[in-house]
**Q** 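Structure below; questions to follow.
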Amino acid sequence: MDFLRPARWEDALAAKAEHPSAVPIAGGTDVMVELNFDQRRPAQLLDLNRIPELYEWDTGEEEVALGACVPYTRIIEHLRRELPGLALAAHTVGSPQIRNRGSVGGNLGAASPAGDSHPPLLTAGAEVEAESVRGSRRIPVEEFFTGVKRNALADDELIKRVHIRKASGPQQFSKIGTRNAMVIAVCGFSVALRPESRRVRAAVGSAGPTPFRATAAEDFLGAALEEAGLWESGGPVPASVAKEFAGLCSAACSPIDDVRGSAAYRRHAVGVMARRTLGWAWEEYRSGGDGAGAGTDDSAGGSRCA
Ligand SMILES: Cc1cc2nc3c(=O)[nH]c(=O)nc-3n(C[C@H](O)[C@H](O)[C@H](O)COP(=O)(O)OP(=O)(O)OC[C@H]3O[C@@H](n4cnc5c(N)ncnc54)[C@H](O)[C@@H]3O)c2cc1C
């Protein structure tokens, strides 16, 4: 196996053009597992670790341009204000060692339905900047996931950055796993409130072949909050509204039975997480605080990583 180690981004693109089957390696927390278990034996590994700009981020007026290799630890330390949903999700990834190495670019490259960064990227609004020697393009994250562990990158493309809209309101994330650390999500859920446009975004992980937005639930909740004047009054979300939102999120799922959980459990769990995260986010909106408590008038409460 050849180990390609470009020090410049342009050289990485040239190497990928020359060797389209080369496997990029960032933190290696997915790639090395596959190599160790002999699930992959590529002719070339394309190491991205020497390319400085992949480890940088820019915070602009509207968005954060996050280098593909920025590790989760840095997101937690430096971007929790701009990207609270992603920072919460980053907290739940693996262990400190995995968070020190693993990246959002790698999570997108792997495109697992259970990738923890995916729901908050969907709710925040993100675009994946893909580049090749042919040029650059921005792929809306909704269009990035094309199937189980498949994404929209062409063979000669690499992820350079992810452009993520800065939070304009509370964002929350929740994940169900068999224990509270080092666990792949049985399912995950993220919600983002956008007070300025009176909109809500909701996204689900690991309850379908790809992560997805629950758009019917988003539309329902946005309209219900608007009709009841709750954005202005800051009143509690009625239990019936939270229940309907949760039901629509569950209904949007197309899960499978597997070793981690049954389809029925996943559907149920997504509904529970939808109601809880809405409660946390709405409480944060009402109080201007950290949103750690329950917020709908029947909220079940609970931990962010169960
Ligand atoms: C013990 C353990 C626990 C884990 N726990 C979690 C968890 O809780 N939640 C979770 O979501 N994941 C988890 N993972 C999986 C993994 O850590 C994440 O998917 C992580 O985000 C991968 O990032 P990386 O930088 O290590 O990617 P790598 O392993 O380097 O790459 C992953 C994939 O992306 C491709 N790739 C990497 N960079 C680019 C790029 N710039 N352009 C194009 N393709 C690229 C690679 O070729 C590969 O296919 C765990 C893994 C381990 C080993």
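Please read these numbers as outputs of a predicted model, since none were measured by experiment. Both counts, for ligands and for their atoms, begin at 1 and track the order of listing.
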**Q** At less than 4.0 angstrom from any non-hydrogen atom of G115, what atoms of ligand 1 do you find?
**A** 11 (O)
**Q** Would I98 count as a polar contact of ligand 1, with the cut-off being nitrogen or oxygen pairs under 3.5 Å?
**A**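 Such a contact does not occur with ligand 1.
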**Q** How many angstroms lie between atom CG of L230 and atom CZ of R198, to the nearest 0.5 angstrom?
**A** 10.5 Å
**Q** Polar-atom distance check: G28 versus ligand 1, any N or O pair below 3.5 Å?
**A** yes
**Q** How far is atom 19 (O) of ligand 1 from its nearest protein heavy atom, and which residue and atom name does that atom have?
**A** D30 OD2, 2.6 Å
**Q** Can you find an N/O atom of I159 closer than 3.5 Å to an N/O atom of ligand 1?
**A**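 Yes, at least one N or O pair falls under 3.5 Å.
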**Q** Using a 4.0 Å cut-off to any heavy atom of A68, which atoms of ligand 1 qualify?
**A** 41 (N)
**Q** Counting only heavy atoms not in F3, do more than 12 fall under 6.0 Å of its CZ?
**A** yes
**Q** Give the atoms of ligand 1, by number and element, whose distance to some non-hydrogen atom of L48 is under 4.0 Å.
**A** 38 (N), 39 (C), 40 (C), 41 (N)
**Q** Does at least one non-hydrogen atom of K175 fall below 4.0 angstrom from an atom of ligand 1?
**A**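 Judged by the 4.0 Å heavy-atom criterion, K175 does count as contacting ligand 1.
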**Q** So is I184 in contact with ligand 1, going by heavy-atom distances below 4.0 Å?
**A** no
**Q** Any chance you could measure L225, atom CG, to R199, atom CZ, to the nearest 0.5 Å?
**A** 10.5 Å
**Q** Nearest to atom 31 (O) of ligand 1, what protein heavy atom do you find, and at what distance?
**A** V31 CG2, 3.5 Å
**Q** Under 4.0 Å from any heavy atom of G102, which atoms of ligand 1 are there?
**A** 23 (O), 24 (P), 25 (O), 26 (O)
**Q** Starting from atom 38 (N) of ligand 1, find the nearest protein heavy-atom neighbour and note its residue, name and distance.
**A**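 The closest heavy atom on the protein side is A26 CB, 3.7 Å.
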**Q** Which atoms of ligand 1 have any heavy atom of V93 under 4.0 Å away?
**A** 6 (C), 7 (C), 8 (O), 9 (N)
**Q** May I ask whether R40 has any heavy atom positioned less than 4.0 angstrom from an atom of ligand 1?
**A** yes
**Q** At under 4.0 Å between heavy atoms, which part of V33 makes contact with ligand 1: side chain, backbone, both or neither?
**A** side chain
**Q** Tell me, which protein residue and heavy-atom name are nearest atom 23 (O) of ligand 1, and how many Å apart are they?
**A** S103 N, 3.1 Å
**Q** So for V183, does at least one of its heavy atoms come nearer than 4.0 angstrom to any atom of ligand 1?
**A** yes
**Q** Quick one: look up the protein heavy atom nearest atom 3 (C) of ligand 1 and list residue, atom name and how far away it is.
**A**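 The closest heavy atom on the protein side is G94 CA, 3.9 Å.
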**Q** Who's the nearest protein heavy-atom neighbour of atom 9 (N) of ligand 1, and how far?
**A**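 Among all protein heavy atoms, the one nearest atom 9 (N) of ligand 1 is D116 OD2, 2.7 Å.
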**Q** Looking only at protein heavy atoms, which one is nearest to atom 1 (C) of ligand 1, and what is the separation?
**A**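 Among all protein heavy atoms, the one nearest atom 1 (C) of ligand 1 is M182 CE, 3.5 Å.
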**Q** Kindly state if atom 14 (N) of ligand 1 has a protein heavy atom within a strict 4.0 Å cut-off, that is, under 4.0 Å?
**A** no
**Q** Can you measure from OG (S95) to CZ (R101) and round to the nearest 0.5 angstrom?
**A**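 Taking OG in S95 and CZ in R101, the distance rounds to 12.5 Å.
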**Q** Using a strict cut-off of 4.0 Å, indicate which atoms of ligand 1 neighbour a heavy atom of L153.
**A**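 The atoms of ligand 1 under 4.0 Å from a heavy atom of L153 are 43 (C).
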**Q** CG of L193 to OG1 of T123: how many Å apart, nearest 0.5 Å?
**A**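 Spacing of CG (L193) from OG1 (T123) equals 10.0 Å.
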**Q** Which heavy atom of the protein is the closest neighbour of atom 45 (C) of ligand 1, given with residue, atom name and distance?
**A**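 Going by distance alone, atom 45 (C) of ligand 1 is nearest to P24 CB, 3.9 Å.
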**Q** With no hydrogens and no angle check, do the side chains of E196 and S168 hold a donor and an acceptor under 3.5 Å apart?
**A** yes
**Q** When rounded to the nearest 0.5 angstrom, what distance separates CD1 in I51 from CH2 in W9?
**A**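 With rounding to 0.5 Å, CD1 (I51) is 6.5 Å from CH2 (W9).
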**Q** Out of all atoms in ligand 1, which are within 4.0 Å of some heavy atom of V23? Include the element for each.
**A**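 Heavy-atom distances to V23 below 4.0 Å select 47 (O).
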**Q** So, applying salt bridge (Lys or Arg N to Asp or Glu O under 4.0 Å) with E127, which one of K160, R161, R138 is it?
**A** R138
**Q** Report the relative orientation of the aromatic rings in W282 and W231; use parallel for angles under 30°, tilted for 30 to 60°, perpendicular for over 60°.
**A**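 Correct class here is perpendicular.
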**Q** Taking 4.0 angstrom as the limit and counting only heavy atoms of G27, give me the atoms of ligand 1 inside it, by number and element.
**A**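 Those qualifying, in numeric order: 24 (P), 25 (O), 26 (O), 30 (O).
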